[in-house]
Amino acid sequence: MKATSLRRWLALFAGLGLVFAACSPGESGEAEEPIRIGGTLSLTGPLAPTAQIHDIVAKAYVKMLNEQGGLLGRRVEWVVLDDKSEPEQSAALYERLVTQENVDLLMGPYGTANITAAMAVAERYGYVFPHHTASLTYAYTYERHFPTWFVGLNTHYTTPEKIFDSYLTLDDPPKTVGFVINRFPGTDFLAHGQDEQRGALRAGGGAVEVAKQKGLHVVLDVAFDIGTTDFAPIASRIKNADPDLLYVGGLGEDGPNLLAAMKQQGYQPRNHFYQWPSPGPMLAAGELADGATSVTIFESHEPYLSNEGAQELVDRYSAAAKAGGLSYTKPETQAGASWAAWQVLVAGVEGCQCLDQEKIADYLLNNTVKTVQGDFDFRPEEQNYGGDIQTIKQIQDGEWYVVWPEESAGEGRKLEGPLR
Amino acid sequence: MTVIAQTIVTGVLLAGLYSLFALGMSLSWGLLRTINFAHFSFAFLTAYVTYELATTAGWDPLLTLVVTIPVGILLGVLLQLFVTAFPIDVFQTLIVTFAFFLILEAVMTLVWTADLVRIPLAANPYFTRAYAVGPLTVPHLGLLSLVAAALACGGVYWLLYRSHAGMGIRAFVQDPEMAAAFGVDHRRLSLLVAAVSGATVGATGTILGMLFVLTPTAAELWVAVIFAVVLLGGLANPVGVAGAALIIGLVESLTRQFADPAMARLAALAVLALALIFRPQGLFPSAVSGERE
């Protein structure tokens, strides 16, 4: 009896083993290995407040991809490392992603300096390098980099032209302009341009120069350091200059801090523009920020919502940002650029039906890519930039709306000013 | 003339915030031999407490001082209990407290995320309020910082030089063994100093929370200027801290008004460098002579 029983158990185990073996991937299971997409983000350090937006987007996008069947029929795995807001770390970690983590694809990090450092690694190994937030357009000559901060190569001309053109449509357009510029490389480049021609980039430009070309009289041009917390003396200088248009080449919290300092001095700007403000803290500044303008490449209203995948971005990002405890949960420029970068990468892979870096790059360079920001055509002759897709947004009724140009404006919205 | 006067007023008010922020660090360095790098995290942790109470519980941000000061005291005392429990020297305290700084930064990120947050204007009426004194503007929160700094520096001066406890504190810093022989309770007085240091950082946090956009890493922005005030001011010297803060505040304010604003912090640090070349002991003497690490 005992021997029979033992044989039955052995037969049962053998049978189960065969079933298990049949179900397991084995040789053909190679195709079931996930596609690993690697990148770094500044999960800690001074860039973390904005980088977390890109972290949320990456996770939401990969989750969506996997829910929809993955990429090339394979599950997608997002391998993200913390570069601590340091370009050196970013470069070292991209080296690790390629050589040790053996990722199949790369996604760019957050921030100009980190992107520049990481791009050199991508170039060394020939990886396709989509990236979302690099502002020094002239610095990127790698033929397989694909920017989605789609502001045009000569953004030091086109960005200020858009800003001043929009204000010059007002019934009472500004005649004087004052510049207050953060020394951050990107804001300085947009304000003061580039002395020499670099690659395909035009020399000169910058908001100060463009303002003069548009016939505006520059009454103030001062710079402040990154991390400045006391804006009272700068507010005093603005008050004394009293420009018709205040151009703040600031980022993050510079805007709200400067607005408070101006209010304390009893000064309200007539028209005021901010380069890259944090949208939430600007709105939290309440009535002080009324009428403030900025540039954008995505807002969660029409006509943007008609773009490829825009509603998915709004739904998924807003839910994830709310769950993540963010104060401002609507996707705008940062989230839009980030989502578009993932769309570009996926379009390249699906376009060539492969993970071959050269073929992905060829597909992207020879095809229009539909994104939440609109259609992208990467032009090699312009270092893979296309046209400048930025529009002007303004705080009206306590919310951001695109107000210029008319075809991109939110329903019933147009640029308002002057405020006094 | 008005511009010069306004610039000086701005510098003086800025000095108020700097001296309030630096005082606690100066006390713990000079009297407790703890170079407390976590001081910056303590300030921002209490700033977040102010933010949280003002935004979610609807408290008047100024009223949150009744919470932030005790929280600061608790943090200061806990740190003191920790450093006295282990045989670490003054420079090792810098390393240990730097670790605490990083840990607290991670904790703040976990709780409040890395997002930039600020108390909405509707819940923080002090943010934009200012008084007009003739042609001059005196922001409410700047004045509050100055008053708080004057009270804190004056209080610490009284504690160190006019109270019985202060005599004991100075005695144990100068000669612990002799002080102990005369019955000075070194442990209790150390906790008192840590509590005072913590109270000032709690008050600093509330003002920071009312003034600025918060993010856990914002603490790093203050390291250079606060260390400059502490080093220039002479360790544990409340008058020196106020004087050094005044110099730094004025240099920054004048540079932002009359020169390149981007050079303001550099100009302040140049003052520190020059001072340390000619007076390595700082511009002001230490409160307790003969003690320096």
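Within every chain, numbering begins at 1; the chains are lettered A, B, ... in the order of the sequence lines, protein sequences first and strands thereafter.
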- Message: Report which part of B:L221 has an atom under 4.5 Å of a heavy atom belonging to chain A: side chain, backbone, both, or neither.
- Response: side chain
- Query: Hey, what do you get for CD1 (B:I35) to OG (B:S26), rounding to the nearest 0.5 Å?
  - Reply: 11.5 Å
- Quick one: what part of B:V138 sits under 4.5 Å from any heavy atom of chain A, side chain, backbone, both or neither? neither
- Message: Given heavy-atom pairs under 4.5 angstrom as the criterion, report whether the side chain, backbone, both or neither of B:F258 touches chain A.
- Response: backbone
- Among B:L269, B:L14, B:L232, the one residue meeting side chain to side chain contact (heavy atoms under 4.5 Å, CB included) with B:I248: B:L232
- Message: Only pairs of heavy atoms separated by less than 4.5 Å count here; which of B:A130, B:A106, B:A114 has the most with chain A?
- Response: B:A114
- Item | Which portion of B:T7 sits near chain A, non-hydrogen atoms under 4.5 angstrom | neither
- Task: Among the options A:P46, A:A48, A:S85, A:P49, pick out the one with the most heavy-atom pairs lying under 4.5 Å from chain B.
- Result: A:P49
- Note on the structure: Assert top hit (heavy-atom pairs under 4.5 Å, partner chain B, pool A:I226, A:T229, A:L283, A:V222) equals A:T229
- Query: With distance as the sole test, does B:Q6 use its side chain to make a donor-acceptor pair with the main-chain N or O of A:P233 at under 3.5 Å?
  - Reply: no
- Mark yes or no for whether B:S19, through its side chain, and B:A15, through its backbone, hold a donor-acceptor pair below 3.5 Å. yes
- Note on the structure: Exactly one candidate in A:T133, A:T296, A:I53 meets side chain to side chain contact (heavy atoms under 4.5 Å, CB included) with A:T333; the answer is A:T296
- Message: Is the distance from the ring center of B:F44 to that of B:W112 below 6.0 Å?
- Response: no
- Between A:L326, A:T44, A:D225, the one whose heavy-atom pairs under 4.5 Å with chain B are most numerous: A:D225
- Message: Quick check: under 4.5 Å, non-hydrogen atoms only, which of residues 246-262 of chain A neighbour chain B?
- Response: A:G252, A:E253, A:P256, A:N257, A:A260
- Task: Run the ring-centre check on A:Y110 versus A:H132 and record whether the distance is less than 6.0 Å.
- Result: no
- State whether a side-chain donor-acceptor pair under 3.5 Å links B:T10 with B:S253. no
- Under 3.5 Å, is there a donor-acceptor pair linking the side chains of B:D60 and B:Y126? yes
- May I ask you to name which of A:G286, A:S236, A:G280, A:A51 has the most heavy-atom pairs under 4.5 Å with chain B? A:S236
- For B:D260 and B:A262, indicate whether the former's side chain and the latter's backbone hold a donor-acceptor pair under 3.5 Å. yes
- The interface call for B:T215 against chain A, heavy-atom contacts under 4.5 Å, is side chain
- Item | Which of A:K263, A:Q52, A:R183 touches chain B most, by non-hydrogen pairs under 4.5 Å | A:Q52
- Is it the backbone or the side chain of B:A259 that comes under 4.5 Å from a heavy atom of chain A, or both, or neither? backbone
- Item | Interchain contact, A:N182 with chain B, by part (heavy-atom threshold 4.5 Å) | neither
- For A:F231, is it the side chain, the backbone, both, or neither that has a heavy atom closer than 4.5 Å to a heavy atom of chain B? neither
- Query: Counting distance only, does the side-chain N/O of B:H39 pair as donor-acceptor with the main-chain N or O of B:F101 below 3.5 Å?
  - Reply: no
- Strictly by modelled atom types, are A:S90 and A:N114 linked by a side-chain donor-acceptor pair under 3.5 Å? no
- Query: Side chain of A:S338, backbone of A:Q334: donor and acceptor closer than 3.5 Å?
  - Reply: no
